[in-house]
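Worksheet for the structure shown next.
Computed from a prediction, not measured in an experiment: that's the story for all the values here.
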Amino acid sequence: MKIGVAGIGRMGAAIAERLLKNGHQVTVWNRTVAKAHALEPLGATVAKTPAQLAGAVDIVLSILTDADAIAATYDGPQGLLSGDVTGKLFVEMSTVRPEQQRALGTRVSAKGARMIDCPVGGTTGPAREGKLIGFVGGDAADLTRARPALEHLCRRIEHVGPIGAGASLKLAINLPLLVYWQAFGEAVALCQQLGLDTARLVDIFADSSGGPNVLKVRGAMAAEALAGKPPANVTFDINLIRKDLSTMIAEAKSLGYDLPLTARALDCYDEAARNGEGASDAVMMPVSWLKQGGKRKSDK
Ligand SMILES: NC(=O)c1ccc[n+]([C@@H]2O[C@H](COP(=O)([O-])OP(=O)(O)OC[C@H]3O[C@@H](n4cnc5c(N)ncnc54)[C@H](OP(=O)(O)O)[C@@H]3O)[C@@H](O)[C@H]2O)c1
């Protein structure tokens, strides 16, 4: 099966790499061309435009920042949907609102093509190891077509409803995770005076009710960050988290709910971004809070 990947950011690069290493023919496109060319040594073909990518493959996976990025890549004179895409399958994997996936589904189907949404849980490491969780919205027959690609990427694929359903579940799954990094920073504020080695501290949290799964998988990075060693590779940055939290709040509002914890967590992430941490990895959030929160407290 010829697979295209549109959006060679951190996640798209990891996904394309995984597919290439599992023997698929992969064509890639990215707005910043150098990131696409970096995959050529692994066997990727680089398309000059999204239209060329869609023309060259049977199935297109897209994983892009947000709804604006999706519009820029799918629509317009050189967009994924600009040529003859009759019968092609699009798998949209970005974290956006369900209504944005549904609107895209309408545009795709107007061109005689098919679409599912499949946002994913897990970051670049799980993508490279095929250990993501895919949350799928769309028709079962379209998921069946996408499975040969998705099964190389995901350890678990959950088909949870029509187009947009994957986006609903993905936003829900990310909420406790993103609020957690702030909660962890606040928790450490209560015990850092003990002077415990940060690896030991994180291990205690991870092994008790103080830690969710993310501390088991990213605990070593979190401990190093607390010890003053920021991660060399950023996998999920604070600016993307702010986008996700804002998206959750807007989505909940449309459903008639307030999300007070999420809103307050967003304030804290916004503050971290104002303090120059927007491009830092999520594991730097507790560190940023301990620095800034502590300073603010002593100012009072
Ligand atoms: N990082 C994670 O751990 C993770 C995990 C699960 C899901 N996600 C979700 O996956 C998506 C991608 O995340 P990421 O970490 O790969 O982000 P990233 O590294 O910032 O990559 C973003 C991608 O979107 C492209 N893009 C942005 N604006 C564009 C525009 N106007 N036109 C065309 N392309 C545009 C970028 O192109 P350029 O390279 O040219 O900027 C890049 O390919 C997001 O929705 C994120 O929430 C991320």
Side-chain angles (χ1 to χ4, degrees), residues 7 9-14 31-32 62-73 92-101 117 119-124 126-127 132 135 166-189 212 214-215 217-218 221-222 225-226 230-231 233-255 257-296:
R10 283 178 288 243
M11 287 299 284
R31 178 182 61 174
T32 305
S62 58
I63 185 150
L64 300 149
T65 307
D66 55 16
D68 288 346
I70 291 175
T73 304
E92 215 307 302
M93 306 177 80
S94 317
T95 304
V96 293
R97 288 183 64 182
E99 67 183 29
Q100 290 157 342
Q101 296 289 17
D117 65 318
V120 287
T123 184
T124 53
L132 296 169
F135 307 110
S168 294
L169 194 59
K170 165 66 187 174
L171 288 175
I173 298 290
N174 256 22
L175 189 157
L177 165 69
L178 303 187
V179 170
Y180 179 74
W181 285 118
Q182 172 61 20
F184 181 57
E186 294 183 25
V188 175
V214 73
L215 266 201
V217 292
R218 304 194 72 205
M221 270 173 83
L226 284 172
N233 291 321
V234 174
T235 59
F236 189 24
D237 71 41
I238 283 173
N239 284 336
L240 265 188
I241 291 176
R242 293 164 65 218
K243 181 267 299 183
D244 279 9
L245 291 168
S246 307
T247 309
M248 287 164 201
I249 291 167
E251 181 62 14
K253 197 169 168 198
S254 77
L255 297 169
Y257 289 99
D258 281 334
L259 303 181
L261 273 179
T262 311
R264 186 67 188 101
L266 175 59
D267 289 343
C268 299
Y269 280 95
D270 284 347
E271 189 177 332
R274 280 194 296 276
N275 289 322
E277 299 279 7
S280 300
D281 192 86
V283 298
M284 289 303 289
M285 190 58 200
V287 180
S288 169
W289 174 254
L290 289 165
K291 255 196 258 163
Q292 302 309 325
K295 197 160 63 179
R296 192 177 45 240

Derivation of the side chain to side chain donor-acceptor pair (under 3.5 Å) call for Glu277 and Ser288: CA-CA 8 Å; Glu277 299 279 7; Ser288 169; 4.7 Å; no
Smallest separation among heavy atoms of Pro98 and Leu171, with atom names: CD-CD1, 4.1 Å
Contact summary for Gln101 and Ser94, nearest pair of heavy atoms: NE2-O, 3.6 Å
Carboxylate-amine/guanidinium proximity below 4.0 Å for Asp237 and Arg10: yes
Leu266 side, atom CG; Asp244 side, atom CG - distance, nearest 0.5 Å: 10.5 Å
Leu175 and Val179: CA distance, side-chain angles, deciding distance, side-chain contact (heavy atoms from CB on, under 4.5 Å) verdict: CA-CA 6 Å; Leu175 189 157; Val179 170; 4.0 Å; yes
Ser254 side-chain N/O to Glu251 backbone N/O, donor-acceptor pair under 3.5 Å: yes
Which atom of Gly166 lies closest to which atom of Asp117, heavy atoms considered: N-OD2, 3.3 Å
Heavy-atom closest contact (Asp267 atom, Arg274 atom, distance): O-NH2, 4.5 Å
Charged N-O contact under 4.0 Å between Arg242 and Glu271: no
Nearest non-hydrogen partners of Val96 and Thr247, listed with the distance: C-CG2, 4.1 Å
Distance (rounded to the nearest 0.5 Å) between Met248 CE and Ser246 OG: 9.5 Å
Pair Lys243-Thr95, side-chain contact (heavy atoms from CB on, under 4.5 Å): steps then yes or no: CA-CA 9 Å; Lys243 181 267 299 183; Thr95 304; 3.7 Å; yes
Rounded distance [0.5 Å steps], OG1 in Thr73 versus CG in Asp68: 10.5 Å
Aromatic plane relationship, Tyr180 with Phe184 - under 30° parallel, 30 to 60° tilted, over 60° perpendicular: parallel
Inter-residue atom distance Thr123.OG1 - Phe236.CZ, 0.5 Å rounding: 7.5 Å
Interatomic distance, Ile238 atom CD1 to Cys268 atom SG [nearest 0.5 angstrom]: 11.0 Å
Phe135 vs Val120, side-chain contact (heavy atoms from CB on, under 4.5 Å): CA-CA, chis, key distance, verdict: CA-CA 6 Å; Phe135 307 110; Val120 287; 5.9 Å; no
Inter-residue atom distance Gln182.CD - Arg264.CZ, 0.5 Å rounding: 7.5 Å
Nearest non-hydrogen partners of Pro231 and Val283, listed with the distance: CG-CG2, 3.6 Å
Asp281/Arg218 salt bridge by N-O under 4.0 Å criterion: yes
Residue pair Leu290 / Leu226, side-chain heavy-atom distance below 4.5 Å: yes
